[in-house]
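What follows is one structure encoded as structure tokens, with my remarks underneath.
Keep in mind that the numbers below use all heavy atoms, side chains included, and drop hydrogens, waters and symmetry copies. Because the structure is predicted, anything quoted here is derived from the model rather than measured.
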Amino acid sequence: MTCKERILSNDYADTLVYILLPEEYNYDLPIDYCYHHLANEWGILYVDRANALYNREGQVAYSVLPKCYGLMECRAAQNGNLNTLSLAESGILSVQGEPLNLTGKNVTIGFIDTGIRYQDPVFRDFAGKSRIAAIWDQTIQTGTPPEGFAYGTEYTKAMIDEALASDNPLSIVPSTDANGHGSVMASLAAGSPIEEGRFTGAAPDSQIVAVKLKEAKQYLKDYYKIPPGVPCYSEADILQAIQYLQKYVLILTKPLVICLGVGTSFGDHTGGGMLGNYINYLSMQKSRVFVTAGGNEGNASHHFSRRLSESQRSQDVEIRVGEDNKGFIMDLWGNVPYFYNAVIRTPGGETARWNNPRSYIPQEFTFVYERTRLVIEYQLVESLSGAEVIRFRFSDPSQGVWNIRIISEGNRIGGQFDIWLPISEFLSAETYFLQPSPYTTITEPGYVDSAVTVAAYQTSNNSIAASSGRGFARNNAIVPEIAAPGVNVSTPYGDRSGTSVGAAITAGGCAQLMEWAVVNSNDILVNSVNIKNYLIRGAKRDPYLEYPNREWGAYGNIVSS
């Protein structure tokens, strides 16, 4: 079986590993595998699921299993007339003109999303040629993959221009964006002026490179209880997409802005994990910046947080589970040196006690009068963060209010714990905490230190979007950095809302900054952290708000290039 077949087969697990298997050495591992190297000792092992890399008790370590990422939804709003009001509000239009003339010239913006509708006028120049330098479509396996990658098909600018000149473009370049999310993102960040200038992207002279993510394998969707038909993307494919953009731009030696419109509530909420570490690693290179959406979980009631003490050593957590919910996962994260037990009570009154076994062996609970099956997975010391993590995996949960009593036990009593439900798109029915916390609801990878994480606000009344994810991180790191327009924003595909909209506008603003700093030689050593600080220094601040600010952004509430 080829490496490509292993990467695509549901019989092979995507496994994030911290081992280096150089190609020049012929390692004889006692398993059927394919290995893809990312950087340093980071790699992806595609291994027969029957012989996957489990620990000695048979459970996959938290950091080894790729997380599932969903779209930070560009939610449809009313269709309005095309306009550039959001760019004007952001300060972007003012620097597109004299005297700065910053339009993203000689800067590449990379999009990792649902693809791009390359035929649309918003992605062409005045001569009708494509402004897209390349598309890596991970979903099409009939063409040639990018050099150094084993799957998908790469389409070059020459191929795209040939397609545009034909009567049937999709017969030459069959890649498209059926969802539309990726095209919205790319148009806002880098779209060409259309409709006599009534719409333009933030950086209309930048070069576009797009990666269309393939959906996660079915075994991952089943494990994470993803509802049928909901887009879900494996961390492994996102990692390879970032590596592709990095390698592509090295060839062109141009500044690179990477815009991520995907996110997840899985993870330690401090920016850890392989994806977070890889972004931080690449961000330290000059002429690189990562922009991430802060997520739309601010008012979803999917986060619960409490601090226990000697006088209050337990806390009841109530979860309202909606009708016909086929299953969901929730993660509890606790800080050193505390230990937590749990007593679970069903809506029908049955109880089950999970006594912390201090081992990795998953425990399964069933109930006499409920059809629910509950599996609890546990790591005392999660391998990357060092924190305690307890994962509750519900199958066919009964409708009603579930009560989970979290109890602090052991030599030290107390400590803070946080519990997260999945993002809204990953829940099949209305399910939420009855006493939620709206804070620390940024989605991963928004907690990554070096990334620019963007909240969303409404320009018509200068109010924060109710759904916009809020800071800070679980370790109190300050996120998000800034807010950008993200409610009823005009695009060629109708008005859209969501933090991914704000991230796209910010990515275009970052391309303008890259042009000023690198292309125009004002700060040729700039990297992601420097760009973030330029944005922070240029952001407008409300004199009536206190900063750092959990809702509007840590340092300012309006992007200003």
Side-chain angles (χ1 to χ4, degrees), residues 7-10 12-16 36 38 44 46 63-74 110-116 135-141 145-146 149-153 175-186 209-245 258-267 273-276 278-279 290-297 328-329 422-428 442-446 448 451 498-500 503-504:
I7 291 173
L8 299 176
S9 173
N10 192 55
Y12 285 75
D14 303 0
T15 310
L16 309 182
H36 180 86
L38 290 169
I44 306 167
Y46 299 91
S63 61
V64 167
L65 186 70
K67 294 183 281 293
C68 257
Y69 286 74
L71 300 175
M72 299 296 93
E73 214 45 78
C74 290
F111 300 92
I112 300 172
D113 217 284
T114 61
I116 190 167
I135 300 171
W136 178 25
D137 193 322
Q138 295 182 351
T139 71
I140 298 177
Q141 311 306 327
F149 298 86
Y151 68 108
T153 301
S175 180
T176 189
D177 177 15
N179 180 287
H181 187 273
S183 299
V184 168
M185 298 284 286
V209 179
V211 178
K212 180 176 181 178
L213 293 168
K214 74 176 183 66
E215 291 209 25
K217 295 177 182 178
Q218 190 60 47
Y219 86 90
L220 271 178
K221 292 184 177 182
D222 293 342
Y223 174 84
Y224 284 111
K225 312 291 185 183
I226 307 299
V230 174
C232 163
Y233 306 100
S234 168
E235 186 175 0
D237 294 316
I238 297 171
L239 285 162
Q240 291 211 46
I242 293 174
Q243 185 185 34
Y244 167 75
L245 294 175
I258 293 180
C259 184
L260 286 169
V262 295
T264 186
S265 287
F266 304 126
M274 185 175 287
L275 180 59
Y278 190 50
I279 290 174
F290 285 81
V291 181
T292 66
N296 305 313
E297 295 295 302
F328 63 92
I329 285 177
I423 60 174
S424 300
E425 288 74 14
F426 288 173
L427 286 172
S428 59
I442 297 290
T443 50
E444 295 279 10
V448 174
T499 55
S500 56

Ignoring hydrogens, what is the shortest heavy-atom contact between [X] and [Y]? Give both atom names and the distance.
X      : Y      : value
Ile423 : Ser265 : CG2-OG, 3.4 Å
Pro66  : Tyr224 : O-OH, 2.8 Å
Met72  : Gly295 : SD-CA, 3.4 Å
Ser175 : Ile135 : OG-CG2, 3.8 Å
Gln243 : Leu38  : NE2-O, 3.2 Å
Ala293 : Thr443 : O-OG1, 3.8 Å

Mind checking side chain to side chain donor-acceptor pair (under 3.5 Å) for [X] and listing every partner two or more places apart, or none if nothing turns up?
X      : result
Tyr278 : none
Thr139 : Asp137
Gln218 : Asp222
Asn179 : none

Measuring from atom [atom1] of [X] to atom [atom2] of [Y], what distance do you get when rounded to the nearest 0.5 angstrom?
X      : Y      : atom1 : atom2 : result
Glu235 : Gln240 : CD    : CD    : 12.0 Å
Asn10  : Leu220 : CG    : CG    : 8.5 Å
Tyr46  : Ser9   : OH    : OG    : 12.5 Å
Glu297 : Thr499 : CD    : OG1   : 9.5 Å
Ser234 : Ile7   : OG    : CD1   : 11.0 Å
Ile112 : Leu245 : CD1   : CG    : 5.0 Å

Side chains of [X] and [Y] in contact at under 4.5 Å (non-hydrogen atoms):
X      : Y      : answer
Asp113 : Val184 : no
Leu16  : Leu65  : no
Lys67  : Leu275 : no

**Message:** Quick one, Ile116 with Phe111, criterion side-chain contact (heavy atoms from CB on, under 4.5 Å). Give me CA distance, side-chain angles, the key distance, then yes/no.
**Reply:** CA-CA 9 Å; Ile116 190 167; Phe111 300 92; 5.7 Å; no

Requested in this report: Mark yes or no for whether Thr114, through its side chain, and Gly182, through its backbone, hold a donor-acceptor pair below 3.5 Å.
Outcome: yes

Next on the checklist: Donor-acceptor check, side chain of Lys212 to backbone of Trp136, threshold 3.5 angstrom: yes or no?
Outcome noted: no

Residues in side-chain contact (heavy atoms from CB on, under 4.5 Å) with [X], at least two apart?
X      : answer
Pro422 : Phe266, Phe426, Leu427
Pro145 : none
Glu215 : Lys221, Pro231, Tyr233

Using side-chain contact (heavy atoms from CB on, under 4.5 Å), reason through Val291 and Ile258 one step at a time and then give a plain yes or no. CA-CA 6 Å; Val291 181; Ile258 293 180; over 6 Å; no

Set of salt bridge (charged side-chain N to carboxylate O under 4.0 Å, His left out) partners for [X], sequence neighbours left out:
X      : result
Asp177 : none
Lys217 : Asp14
Glu444 : none
Lys225 : none

Please step through side-chain contact (heavy atoms from CB on, under 4.5 Å) for the pair Met274 and Ser63, ending with a clear verdict. CA-CA 7 Å; Met274 185 175 287; Ser63 61; over 6 Å; no

For Phe290, the ring-ring contact (aromatic ring centres under 6.0 Å, His included) test, sequence neighbours excluded, returns none

Looking only at the side chains, is there a donor atom on one of Thr153 and Gln141 sitting less than 3.5 Å from an acceptor on the other?
no

*asked:* Working note: Leu260 + Tyr69, criterion side-chain contact (heavy atoms from CB on, under 4.5 Å); need CA distance, chi angles, decisive distance, verdict.
replied: CA-CA 11 Å; Leu260 286 169; Tyr69 286 74; over 6 Å; no

